[in-house]
Amino acid sequence: MAGLLTHLATLPLAPVRGVAWVMERVVEAAEDEAYDPAPVEQELARLEQQLLAGEIDEETFDRREDELLDRLEEIRDHRRMTGP
């Protein structure tokens, strides 16, 4: 009976809890996307192709590669801290 009373008493809060749950899922999805290593790895491969094709010079390649490798390290650190 107490469970039913608690449920009835907190029923007006159900929409708020629903919105909070949805927002948590949106944040999780955004974090998953932001910390996905695949796009960074693809960009590294594309960068190497640009260098080999002569579209960019060594200096541009080195600078951009360093940026991408830093981002990849940040992603891996984040994933280690938060789990898979």
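Being a predicted model, the structure only gives us computed values, none of them experimental.
Residue-environment remark: CD (E33) stays at or below the threshold of 12 foreign heavy atoms within 6.0 Å.
Screening residues 51-61 for salt bridge (Lys or Arg N to Asp or Glu O under 4.0 Å), with sequence neighbours left out, gives no hits. Applying the ring pair (Phe, Tyr, Trp, His ring centres under 6.0 Å) test to pairs two or more places apart or on separate chains, none has a residue in residues 50-77. Residue pairs meeting the ring pair (Phe, Tyr, Trp, His ring centres under 6.0 Å) criterion with at least one member in residues 62-82, sequence neighbours excluded, are Y35-H78.
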Would you list the atom pairs, donor with acceptor, under 3.5 Å between side chains in residues 39-52 and any protein atom, with sequence neighbours excluded?
{"residue": "E43", "atom": "OE1", "partner": "R46", "partner atom": "NE", "Å": "3.2"}
{"residue": "E43", "atom": "OE1", "partner": "R46", "partner atom": "NH2", "Å": "3.3"}
{"residue": "E43", "atom": "OE2", "partner": "R46", "partner atom": "NH2", "Å": "2.9"}

Tell me which donor-acceptor pairs under 3.5 Å the side chains of residues 62-70 have, and how far apart each pair is, sequence neighbours excluded?
{"residue": "R64", "atom": "NH1", "partner": "E67", "partner atom": "OE1", "Å": "3.0"}

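With sequence neighbours excluded, no residue satisfies side chain to side chain donor-acceptor pair (under 3.5 Å) with D36. For E31, the salt bridge (charged side-chain N to carboxylate O under 4.0 Å, His left out) test picks out no residue, with sequence neighbours left out. Partners of E28 under the salt bridge (charged side-chain N to carboxylate O under 4.0 Å, His left out) rule, at least two apart in sequence or in another chain, are R25.
Contact between P37 and L72 at its shortest, heavy atoms only, is CB-CD1, 3.7 Å.
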